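Source: prediction; values computed, not measured. Every chain is numbered from 1, with letters handed out A, B, ... down the list of sequences.
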Amino acid sequence: MEQIIFYILAGVAVIGTILAITEKHPVHAILYLVTSLFSIAVIFYLLTAPLVAAFEVILYAGAIMVLFLFVIMMLDLGHPEKGIAPQWRQWLPALALAGVSIASLAAVIVSRHASAAAAAAPAPAPAPALPIREVARHLFQDHGLAVELVSLQLLFALVGALYLGKQSKGGETK
Amino acid sequence: MTASTVDIALFAAKLGMIFFVILTLAAYLVFAERKVLAWIQDRKGPNRVGPLGLLQPLADLIKLLTKEDFCPIAADKWLFYLAPAMAAIPAILTFAVIPFGAPVTIAGRRVPMLVADLNVGLLFFLALSSIAVYGVAIGGWASNSKYSLLGGIRGLAQLISYELSMGLSLVPVVMLARSFSLADIVAAQATIPFVVYQPLAFLIFLISITAECKRIPFDIPEAEGELVAGFHTEYSGMRFGLFFVGEYINIIVLGGLATTFFLGGWHGPFLAPVIWFSLKTLAFAFFFIWMRGTLPRLRYDQLMHLGWKVLTPLALANILVTGWWLALRGDMMPLSR
């Protein structure tokens with residue numbers, strides 16, 4: 001049952017992402033991306049990671065995509081322009097890089113599969129659901145320093161954004 | 001009849017009951033709003049259909065269902081048809097995590113009075129509340145009308161302004177209850193509701209949920225005085241009805257959440273738990289109606305100012321103080337482990 005749901009969701013996520021890239025209309029593209037993010041969130045839930053699922057929806061589908069949509073509607077960018085589709089030449093580097101990462105992923109899967117088949121080992125037991133308290137303890141006790149560093153970095157970004165915003169305002173009034 | 005059949009039947013009965021109660025309540029909330037507003041404005045309100053006007057919601061429903069289903073010419077058809085559902089579904093889904101009564105024993109089984117006790121229940125609510133705005137924004141954008149578009153943009157701006165303070169005002173609740181699960185949060189308030197410890201967080205949450213359900217003084221996306229009807233200007237018939245009912249379901253659900261987070265949920269003396277929960281929730285609904293009859297509308301830059309420069313810093317300071325208080329007390333409320 002869970003496997004069937006997983007494959008449906010995975011299909012939705014992949015198709016949604018592809019459509020988000022190929023769709024010329026920005027508002028539609030955003031909705032496809034939201035659909036894709038949502039199904040990825042449910043996949044996280046199936047993998048017994050409800051915390052990650054909730055954050056996926058709150059942060060990506062709920063906050064970042066809403067900001068994108070806000071900017072697109074505010075600046076009235078909702079008119080797809082013709083002729084800005086990337087040319088074959090521009091596609092090439094992206095295709096090459098994507099090919100490398102897909103090939104490495106395939107290599108990892110194949111090698112794992114081969115070694116598992118060779119050892120005839122049973123499939124690894126599904127990871128038990130981690131209580132949120134355990135997640136919090138690991139995050140803030142074992143990796144406290146890293147969390148602080150990341151939050152400092154976010155603070156820098158915040159101050160930087162504030163500085164840029166202030167400056168452009170000053171320029172306007174001059 | 002096997003055990004699992006009984007379980008499934010009980011669960012289905014619970015779901016059906018919740019749907020019936022919420023939808024009926026939402027319909028009668030519209031009626032109650034019209035009555036209360038009429039009393040505030042020294043009028044009589046709806047009093048023609050049925051005794052005391054009590055059948056008015058039914059008449060409204062028939063009117064909405066028989067109206068022409070209209071789609072503007074240059075509208076984005078698919079999104080135009082999809083948007084009302086996108087607005088109403090998250091509101092109904094959120095109720096799944098709200099515990100509305102003490103667990104009861106039926107046919108030898110302990111039946112919890114909530115649909116799903118997720119261990120991330122509080123985050124589930126925040127996630128759905130941030131998804132709900134797509135209905136407003138997409139409905140406004142797809143209508144291809146300037147009033148609708150402005151309403152949709154305002155809806156997004158409003159979400160960006162209040163969402164952060166709403167989330168931050170709930171952090172002290174989590175700190176006190178030490179759980180994201182709504183059932184645990186209610187259990188932690190068995191003796192003293194959190195509003196006693198967290199009056200400031202309660203106030204911030206109350207202001208934020210008023211903005212969340214787009215009620216006066218924060219009905220900026222609709223603003224019938226300036227934007228005709230805002231994001232749902234172009235909608236008619238049952239599609240408008242879905243937006244409308246979604247808004248009232250949202251009032252019930254958010255009232256229920258405020259009850260759960262701050263007023264001790266279904267805990268209370270003498271009366272049955274379900275009755276306590278309903279009373280507290282309906283008190284919030286009455287409060288929203290009362291505010292609509294009392295306050296003027298804010299401008300949307302005023303709301304952004306309020307959200308970002310007043311509520312968010314206050315909520316952050318509140319978290320800091322709560323943290324210090326908990327640390328100085330050594331541990332925590334006696335109830336949580």
TODO: Kindly compute the distance separating CG (A:Leu51) from CZ (B:Phe180), expressed to the nearest 0.5 Å.
DONE: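 Going from the CG atom of A:Leu51 to the CZ atom of B:Phe180 covers 6.5 Å.
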Open item on the list: According to side chain to side chain donor-acceptor pair (under 3.5 Å), does anything in residues 165-175 of chain B pair up with another residue at least two apart or in another chain? List the pairs.
Closed with: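 The answer is B:Ser165-B:Ser208.
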Looking at chain A, which one of [options] has the largest number of heavy-atom pairs inside 4.5 Å, strictly under?
options	value
B:Asn119, B:Leu126, B:Leu150	B:Asn119
B:Leu128, B:Leu149, B:Ile138, B:Val133	B:Ile138
B:Ala137, B:Ser129, B:Ala132	B:Ala137

Task: Side chain to side chain, B:Leu159 and A:Phe70, heavy atoms closer than 4.5 Å - done: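 Counting from C-beta outward, B:Leu159 and A:Phe70 never come under 4.5 Å.
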Open item on the list: Do A:Leu69 and B:Trp141 have side chains that approach each other closer than 4.5 Å (heavy atoms only, starting at C-beta)?
Closed with: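 Not in contact.
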Verify the neighbour count for atom [atom1] of [X]: are there more than 12 heavy atoms of other residues, nucleotides or ligands below 6.0 Å?
X	atom1	value
A:Glu134	CD	yes
A:Tyr45	OH	no
A:Leu155	CG	yes
B:Tyr147	OH	no

Open item on the list: Can you confirm whether or not the ring centre of B:Trp78 sits under 6.0 Å from the ring centre of A:His25?
Closed with: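 For B:Trp78 and A:His25, the ring centres are not under 6.0 Å apart.
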- [ ] Let me know if B:Ile160 has heavy atoms under 4.5 Å from chain A in its side chain, its backbone, both or neither.
- [x]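 When you check distances to chain A, only side chain atoms of B:Ile160 fall under 4.5 Å.
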- [ ] Please state whether the side chain, the backbone, both or neither of B:Ala142 comes within less than 4.5 Å of a heavy atom of chain A.
- [x]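 B:Ala142 has no heavy atom closer than 4.5 Å to chain A.
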Open item on the list: Checking an interface table here. Which of residues 79-91 of chain B come within a heavy-atom distance under 4.5 Å of chain A?
Closed with: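 Within residues 79-91 of chain B, the residues under 4.5 Å from chain A are B:Leu79, B:Met86.
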Task: chain B-proximal positions within residues 59-68 of chain A [heavy-atom distance under 4.5 Å] - done: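 Within residues 59-68 of chain A, the residues under 4.5 Å from chain B are A:Ala61, A:Gly62, A:Met65, A:Val66, A:Leu67.
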TODO: Search all heavy atoms of B:Ala127 against all heavy atoms of A:Val57 and return the closest pair with its distance.
DONE: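 Taking every non-hydrogen atom into account, CB-CG1, 3.5 Å.
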Task: Partners passing salt bridge (Lys or Arg N to Asp or Glu O under 4.0 Å) against B:Asp301 (at least two apart in sequence or in another chain) - done: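 For B:Asp301 the salt bridge (Lys or Arg N to Asp or Glu O under 4.0 Å) partners, ignoring immediate neighbours, are B:Arg299.
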